[in-house]
Amino acid sequence: MTTKHRIAYHIEGIVQGVGFRPFIYTLALRYGLKGFVLNNALGVEIELEGENHALQSFDKALFLELPPLARMDVCQKKALSFFGYFDFTIHESEEGSFKSSLVLPDMALCPACLDELNNPTNRRHDYFFINCTNCGPRYSIIKTVPYDRPNTSMQPFVMCDACQEEYTNPLDRRYHAQPISCASCGPTLVLKQMNGLVLAYNEEALELLAQKISEGLIVAMKGMGGFHLMCDATHNCAVQTLRERKQRPTKPFAVMFKDIHATEAVCALEEEEKKALVSQLRPIVLVKRKTLSTCVLSPLVAPEINRLGVFLPYTPLHVRLFNHLSHPIIATSANRSGEPIIYDAEVLEERLGGVVDFYLDYNRDIVNSSDDSVVQYINDKPLLMRLSRGLAPLSFRLTDANKHTILAVGAHQKNAVAIYLNQQVIVSPYIGDLDTLAGFELFTKTLQTLERFYDFKPDIIVGDLHPHYATTQWAKRQGIPFVQIQHHFAHILSAMFEHHLEEKVFGIAWDGTGYGDDGTIWGGEFLLCDTHGYERVAHFEPFHLLGGDVSIKETRRVLASIVWDLESCGHEVGEVLNAYFTPSELKSLKQLYTKKINAPLCSSVGRIFDAVAVICGMEGRVSYDGQSGLFLESLYDATIDEAYTFTCKEGKVLYKEAFLEMLSDEPRMIASKFINALAHLIQEMAKNYPYKVVLSGGVFQNRTLLEKILTCKAHTFISQHQIPPNDGGICVGQLYFALNN
Ligand code: ZN
Ligand code: ZN
Ligand code: FE
């Protein structure tokens with residue numbers, strides 16, 4: 001007689017709403033095991049009875065065949081005495097105490113659904129909203145947890161019998177897939193004019209939309225986390241019109257291609273980039289494009305730079321749209337400049353009436369908006385530039401518990417927030433800049449959403465040192481203990497969190513601007529850090545930001561400031577600035593410089609990039625963040641080994657004299673020698689400290705610079721992969737500090 005055993009599993013992680021219970025059910029049937037599986041507040045509980053070899057086979061398969069979206073953070077097993085179950089069952093969810101389960105990001109169409117979409121014999125053939133447990137919307141449709149259909153924006157749609165049948169069958173791929181629907185019971189499409197007039201429905205609406213795009217019109221289409229503005233990316237006039245109407249002169253637009261082959265016709269793709277493009281995350285990938293002459297795209301898509309943000313269709317609706325299109329399209333978040341993505345048709349009509357000609361809407365609400373995620377690959381490793389759709393909310397499980405619940409409110413630009421509770425760190429999707437009312441509204445809405453999802457109430461808030469950040473002022477009003485962390489320290493901490501570093505490190509934080517602990521503006525910092533504090537051991541020699549923030553947009557002012565610093569040190573600079581300013585502009589600017597009125601000191605490497613780009617021929621103003629860096633990268637020549645000399649004396653990096661040389665070098669030379677100089681500087685500085693070198697801050701999104709630094713094998717350089725090195729990662733660094741202090 002064989003003996004039977006009983007084993008209980010306790011599993012935590014991403015195990016709800018991802019087809020985990022039917023997966024367990026299927027395995028139990030396969031190995032002839034009895035017992036049950038159920039969801040509860042913490043995750044999933046399983047009890048299994050059967051013979052030893054069957055239990056072992058189950059255990060193996062559990063790890064090997066995990067559903068694509070599932071993640072096990074904890075898997076505890078214990079043996080129990082035999083009970084004698086009759087069968088294997090899926091128990092109904094334990095209601096009430098669900099709130100620590102993780103809310104998942106939206107997912108792109110899975111291969112099985114794509115096959116069905118294209119299969120004329122399938123009942124969901126050509127259906128715009130096909131999805132299953134392994135794909136489709138999550139975060140964007142959830143109002144509150146538990147993640148059940150009545151708590152989502154699918155609630156108004158009553159399942160037809162066929163869908164109901166699939167929904168309740170544990171062996172079906174759509175068992176408990178909350179957004180399940182079909183053409184006879186799901187959401188419908190409508191094409192409208194901007195005054196709300198309906199032009200067409202469903203298939204006809206989609207065909208008409210494609211036709212409008214091909215005619216060179218500007219349209220909007222509701223995607224997963226919001227509306228995209230779209231136009232034909234090969235149509236010069238269309239792109240020109242979009243730029244004019246959006247008042248967006250040069251900032252690159254992302255381009256959506258039909259498939260990977262169409263992308264490769266325009267872009268030089270590396271293996272990892274291809275994998276990312278076709279992965280189920282479907283991010284925008286920043287890639288090198290082939291030379292302009294062979295490019296079918298309008299040169300206005302991404303002027304003056306050799307990179308392109310590209311992505312592939314990620315909803316069934318996108319796939320269907322490309323059934324009717326023969327060219328790539330611009331697909332950019334629909335918003336007013338500096339504001340968050342629009343996700344509601346009424347708001348679209350109101351705010352983008354002058355931009356969009358027609359829009360395609362559908363009647364399933366987007367509850368939580370999100371933008372597309374953006375990633376680039378450096379030495380075959382990802383560097384995340386925007387953490388959003390497909391990735392966020394992003395959760396990390398910590399090994400140690402902390403007694404607090406913590407909210408980190410992040411920075412002011414590229415804002416994202418992070419929370420800590422129950423051994424989980426959860427990072428919100430990208431929120432964006434908080435300069436506008438709409439931006440700040442999204443910040444508070446996101447906080448409320450997290451509160452609702454997780455029953456979350458912070459007992460500590462942690463934020464930036466900057467007194468004028470909207471986040472700082474908001475945090476101070478909450479009546480909860482508020483801890484402020486210096487911006488660049490938070491950058492380094494965000495990288496330390498990602499790499500589980502607790503020891504002392506040599507942190508190099510270079511970015512646009514951040515508030516320093518001496519009240520000046522920092523951004524070219526060398527910090528000796530551990531998780532408790534930092535020492536600023538060196539920084540770039542400061543210059544004056546003439547007119548304060550105006551200098552950030554009008555980059556030629558930084559050049560003027562540096563040139564006048566050289567002059568006041570006795571260098572002959574002649575009339576060089578006349579090339580960039582009119583005499584009257586120079587006169588009033590010089591007054592700011594001499595009297596030091598509204599001219600704060602600043603040590604930012606990002607701003608020095610701006611000044612160098614101006615000498616290299618970029619217009620004296622930038623229209624988007626990172627423009628100067630991308631411009632210099634496009635000029636960079638890898639065959640040039642020379643570098644300017646940057647030295648560090650008494651904690652100050654001296655670089656201004658290199659500008660004298662730059663004024664007589666040609667652009668290709670300048671860009672190459674400048675980027676080489678920065679890389680050399682880091683390699684030299686690293687020799688002074690026997691620690692790991694942690695690189696963070698927006699400047700380290702510069703692929704050419706980072707690749708150059710990483711060629712040096714004499715030091716251990718740590719860069720970021722999962723958490724953005726730009727201000728989008730600040731919240732994680734802030735949280736890491738609070739967890740350790
Ligand atoms: Zn699917
Ligand atoms: Zn149906
Ligand atoms: Fe920053």
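What's counted below: heavy atoms across the whole structure, side chains too, no hydrogens, waters or symmetry copies. Indexing begins at 1, ligand by ligand and atom by atom, following the structure's order. Quick caveat: nothing in here was measured; it's all calculated off a predicted structure.
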Exercise. Centroid-to-centroid, Tyr515 to Tyr469, below 6.0 Å?
Worked result: no
Problem set entry | Aromatic centroids of Tyr362 and Phe129 separated by under 6.0 Å | yes
For this session: Kindly assign one of parallel, tilted or perpendicular to the pair Trp510 and Phe700, based on the angle between their ring planes and the thresholds 30° and 60°.
Result: parallel
Seminar exercise, completed: Rounded to 10°, the SG/Cys132 to the Zn ion (ligand 1) to SG/Cys113 angle comes out at 100°
For this session: Indicate if the distance from the Fe ion (ligand 3) to the nearest N, O or S atom of His488 falls below 2.8 Å.
Result: no
Seminar exercise, completed: Atom name of the N, O or S atom of Asp727 nearest to the Fe ion (ligand 3) is OD1
Exercise. At the Zn ion (ligand 1), what angle lies between atom SG of Cys110 and atom SG of Cys135, rounded to 10 degrees?
Worked result: 110°
Problem set entry | Atom name, Asp511 (N, O or S, nearest to the Fe ion (ligand 3)) | OD2
Exercise. So Tyr167 and His176, ring pair (Phe, Tyr, Trp, His ring centres under 6.0 Å) or not? Walk me through it.
Worked result: CA-CA 5 Å; Tyr167 183 83; His176 279 224; 4.9 Å; yes
Exercise. Where the Zn ion (ligand 2) is the centre, what is the SG-to-SG angle for Cys163 and Cys185, rounded to 10°?
Worked result: 110°
For this session: Locate the shortest heavy-atom distance separating Ser181 from Arg124; write the atom from each residue and the value.
Result: O-NE, 2.7 Å
For this session: Take the Fe ion (ligand 3) as the vertex and measure to NE2 of His491 and NE2 of His487; round to 10°.
Result: 100°
Exercise. Going by the angle between their ring planes, with limits at 30° and 60°, are Phe540 and Phe526 parallel, tilted or perpendicular?
Worked result: parallel
